[in-house]
Amino acid sequence: MILSKTFRSIKSPIFNKSKLPSSEDPSSSSSSSTLIIPISRVRSWCVYLILSTNPPIKTYVGVTNHFSRRLNQHNGELKGGAKASRAGRPWVCACIVHGFNDRSEACEFESKWKNLSRKLHRKGKSDGETKQSVDASHALLQHRQKALDRTKDSFDCSHLEIDWKINTS
């Protein structure tokens, strides 16, 4: 009995079917050494920082297990982007933190990063920030990087990979 047919809310794991031996193919044997990798292993949870490219220049920190889809949502190309990210479209990736064990760990890291960003004093911040967008984005990214550095101090990051896509120095 397959659980997913009996209990519709339970989904069976999705495997890379191109690697499965076919039952119709007489040349395939059950002792095949083909490695089957669940897709859930390929798409691990990550925390990301995106930067708006239109004024007002903003940053947004989020969590996902499919970053390219999520970025398309933020940019309005797919349904489901966060309401807070509509004003800054289009968005570009500034940083991705990979390697979380599960969603819970990624959400905890995201929450700490956001909270430390709010608590940290930001130099030159003003409501009517009309500097060039390059200066504004540079300052925002440096602020987020400082908050990330403090987050790393309060979180076990030995298994995480932090990948900055935009230079903050």
Side-chain angles (χ1 to χ4, degrees), residues 4 8-14 16 38-157 159-169:
S4 62
R8 295 206 181 271
S9 64
I10 300 175
K11 296 180 181 175
S12 58
I14 301 171
N16 185 346
I39 288 179
S40 62
R41 283 281 190 202
V42 176
R43 288 193 187 141
S44 65
W45 288 95
C46 69
V47 175
Y48 61 90
L49 170 67
I50 55 177
L51 176 72
S52 63
T53 56
N54 281 325
I57 302 298
K58 299 193 236 180
T59 57
Y60 180 92
V61 174
V63 63
T64 187
N65 65 347
H66 193 315
F67 178 73
S68 59
R69 173 188 50 83
R70 191 70 181 125
L71 184 59
N72 285 334
Q73 288 175 325
H74 284 298
N75 285 326
E77 297 164 14
L78 294 174
K79 266 186 151 181
K83 187 176 181 180
S85 66
R86 287 186 189 156
R89 291 177 182 163
W91 295 84
V92 294
C93 178
C95 180
I96 300 180
V97 183
H98 298 278
F100 294 96
N101 294 319
D102 53 26
R103 181 181 181 199
S104 176
E105 184 183 30
C107 287
E108 182 183 352
F109 187 91
E110 175 205 27
S111 177
K112 282 185 181 184
W113 191 4
K114 285 180 174 180
N115 284 332
L116 285 170
S117 292
R118 286 184 199 109
K119 290 177 183 177
L120 251 166
H121 175 71
R122 193 168 62 168
K123 294 177 188 173
K125 181 186 175 189
S126 66
D127 293 331
E129 196 166 9
T130 57
K131 291 182 179 180
Q132 291 180 334
S133 61
V134 174
D135 292 341
S137 62
H138 185 74
L140 279 170
L141 289 176
Q142 282 186 331
H143 178 77
R144 288 289 192 173
Q145 186 175 26
K146 284 180 188 174
L148 177 60
D149 290 343
R150 292 204 179 162
T151 303
K152 291 187 320 189
D153 292 342
S154 66
F155 199 91
D156 176 21
C157 296
H159 61 291
L160 301 178
E161 178 186 332
I162 300 172
D163 184 13
W164 281 94
K165 305 291 186 183
I166 298 176
N167 190 358
T168 60
S169 47

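Model, not experiment: these values are computed from the prediction.
Residues Ile166 and Leu49 are not in side-chain contact: their nearest non-hydrogen atoms beyond the backbone lie 4.5 Å or more apart. With a 4.5 Å cut-off on side-chain heavy atoms, Leu71 and Tyr48 do not count as touching. Using a 4.5 Å heavy-atom cutoff, the side chains of Ile50 and Phe67 are in contact. For the pair Glu108/Phe100, no side-chain contact is recorded, criterion being any heavy-atom separation below 4.5 Å from C-beta on. Looking at heavy atoms from C-beta onward, Cys157 lies in side-chain contact with Phe109 at the 4.5 angstrom threshold.
Between Arg69 and Asn72, the side chains place no donor N or O within less than 3.5 Å of an acceptor N or O (distance only, hydrogens not considered).
The side-chain hydrogen bond (donor to acceptor under 3.5 Å, both in side chains) test with Gln142 is passed by exactly one of Gln145, Arg144, His138: His138. The side chain to side chain contact (heavy atoms under 4.5 Å, CB included) test with Cys46 is passed by exactly one of Thr64, Leu160, Asp163, Asn65: Thr64.
Side-chain atoms of Lys114 come within 3.5 Å of backbone N or O of Val61 as a donor-acceptor pair. Between the side chain of Thr168 and the backbone N or O of Leu141, no donor-acceptor pair lies under 3.5 Å. One N or O on the side chain of Lys112 and one on the backbone of Ser154 form a donor-acceptor pair closer than 3.5 Å. Here the side chain of His143 pairs a donor or acceptor atom with the backbone of Ser117 at under 3.5 angstrom. No donor-acceptor distance shorter than 3.5 angstrom exists from the side chain of Gln73 to the backbone of Leu78, with no hydrogens or angles considered. Here the side chain of Trp91 pairs a donor or acceptor atom with the backbone of Ser85 at under 3.5 angstrom.
Shortest non-hydrogen contact noted between Cys95 and Ile162 is SG-CG2, 3.8 Å. Listed here is the closest heavy atom pair of Ala106 and Val63: CB-CG2, 3.4 Å. Minimum heavy-atom separation, Ala82 to Tyr60: CB-OH, 3.4 Å. What you find for His159 and Gly99 is that their closest heavy atoms are CD2-O, 3.2 Å.
Shown here is Arg89, whose CZ atom has more than 12 heavy atoms of other residues, nucleotides or ligands within 6.0 Å.
To the nearest 0.5 Å, atoms CG (Leu148) and CG (Asp153) are separated by 9.5 Å. Taken from NE2 in His74 to OG in Ser52, the straight-line distance is 12.0 Å, to the nearest 0.5 Å.
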Check step by step if salt bridge (Lys or Arg N to Asp or Glu O under 4.0 Å) holds for Lys152 and Asp149.
CA-CA 5 Å; Lys152 291 187 320 189; Asp149 290 343; 3.6 Å; yes
